[in-house]
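Heads up, the thing below is written out as structure tokens.
Counting from 1, the numbers follow the sequence of the chain as shown. All of these numbers come straight from a predicted model, not from anything done at the bench.
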Amino acid sequence: GSGVVIVKYPDSYVISVGAGLTSSTSTSGGYSVTTFTAGTGSVSFGIPFTVNFLVIAGGGGSTFASAGGGGAGGYRCSVTGESSGGGASAETPISAVTGTNYTVTVGAGGTAGANNQTMGGNGANSVFSTITSVGGGGGSGQSINYPSVPPGANGGSGGGGARNGITPGSRTANQGY
């Protein structure tokens with residue numbers, strides 16, 4: 001599936017969301033949470049403050065029966081008490097600077113393999129400012145009738161392998177398993 005970028009900031013502050021992004025904002029407990037679900041664009045902040053983030057990349061695609069599944073998109077988070085992917089500690093929040101445009105990209109999910117012999121496509125990266133979560137690795141092809149299919153691809157979480165010793169892809173450190 002597709003990725004997501006979520007930013008959390010005090011509800012008394014306002015952000016400007018540029019064209020090209022699909023987003024919604026909710027407010028609770030003194031904070032606003034803006035969720036970006038599609039697109040690429042930029043956001044800017046009216047005054048400097050600390051922004052917490054959750055950035056999840058698109059998941060990898062799979063193919064047909066008996067093939068490896070697509071890997072999950074990379075996961076990076078700065079929320080206190082949470083962890084980033086792969087069991088890493090929460091990251092440092094972003095210190096937003098007035099008048100600076102921060103890139104936001106929501107990564108799409110990977111495509112399905114074209115046939116039993118091909119692997120699924122990698123998911124696309126998701127980005128907030130300097131934080132990039134790597135797309136999930138595409139799953140391997142079906143190995144019962146095609147023992148020489150490619151292995152699962154590397155990604156946020158590596159794409160799955162298949163029967164008969166087809167290996168899975170590797171994960172990206174501190175983003176997936």
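- R76 contributes a side-chain N or O that, together with a main-chain N or O of T132, makes up a donor-acceptor pair within less than 3.5 Å.
- Contact check for T130 versus I94: side-chain heavy atoms found under the 4.5 Å cut-off.
- When atom types are taken as modelled, the side chain of S78 and the backbone of F53 share a donor-acceptor pair closer than 3.5 angstrom.
- Contact annotation: the side chain of V51 approaches that of F45 to within less than 4.5 Å [non-hydrogen atoms, C-beta and beyond].
- Criterion: ILVMFWY side-chain heavy atoms under 4.5 Å apart, direct or through other members. Under it, V43 and V5 are part of a common hydrophobic cluster.
- Smallest separation of non-hydrogen atoms from S62 and G68: OG-O, 2.9 Å.
- Considering CG of L54 and CD1 of I131, their distance stands at 11.5 Å, rounded to 0.5 Å.
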Does T103 form a side-chain contact (heavy atoms from CB on, under 4.5 Å) with T105? I'd like the steps, not just the answer.
CA-CA 7 Å; T103 299; T105 300; 3.9 Å; yes
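- Two residues are said to be in side-chain contact when any heavy atoms from C-beta on lie closer than 4.5 Å; Q142 and Q117 fail this criterion.
- From S129, atom OG reaches atom CG of N101 across 11.0 Å, with rounding to the nearest 0.5 Å.
- Between Y102 and F128, the ring-plane angle classifies as tilted under the 30° and 60° cut-offs.
- Hydrophobic clustering places V106 together with I15 (ILVMFWY residues linked when any side-chain heavy atoms are closer than 4.5 Å, directly or through intermediates).
- Between N174 atom CG and S133 atom OG the span is 11.0 Å, to the nearest 0.5 Å.
- Using cut-offs of 30° and 60° on the angle between ring planes, the pair Y9 and F49 is tilted.
- Atom OG1 of T35 and atom NZ of K8 lie 12.0 Å apart (nearest 0.5 Å).
- Using a 4.5 Å cut-off between side-chain heavy atoms of Ile, Leu, Val, Met, Phe, Trp and Tyr, with links allowed through other members, I6 and V55 fall into different hydrophobic clusters.
- Grouping the Ile, Leu, Val, Met, Phe, Trp and Tyr side chains by contacts below 4.5 angstrom, directly or via other members, places Y31 apart from F36.
- For the residue pair A57 and A124, the shortest heavy atom distance occurs at CB-O, 3.5 Å.
- One hydrophobic cluster, built from ILVMFWY side chains closer than 4.5 Å, holds both V4 and Y75.
- Scanning both residues, P151 and I166, for their nearest heavy atoms gives CA-CG2, 3.7 Å.
- The two residues S83 and A88 come nearest to each other via the heavy atoms CB-O, 3.0 Å.
- The heavy-atom pair separating A90 from E82 by the smallest distance is CB-O, 3.4 Å.
- Shortest non-hydrogen contact noted between S32 and T27 is OG-OG1, 3.4 Å.
- Between V7 and V33 there is no side-chain heavy-atom pair separated by less than 4.5 Å.
- No donor-acceptor distance shorter than 3.5 angstrom exists from the side chain of S170 to the backbone of N154, with no hydrogens or angles considered.
- Taking OH from Y177 and OG from S157, the interatomic distance works out to 9.0 Å, rounded to the nearest 0.5 Å.
- Using modelled atom types, one side-chain atom of N122 and one backbone atom of G138 make a donor-acceptor pair closer than 3.5 Å.
- Note that CG of L21 is 7.5 Å distant from OG of S42, once rounded to the nearest 0.5 Å.
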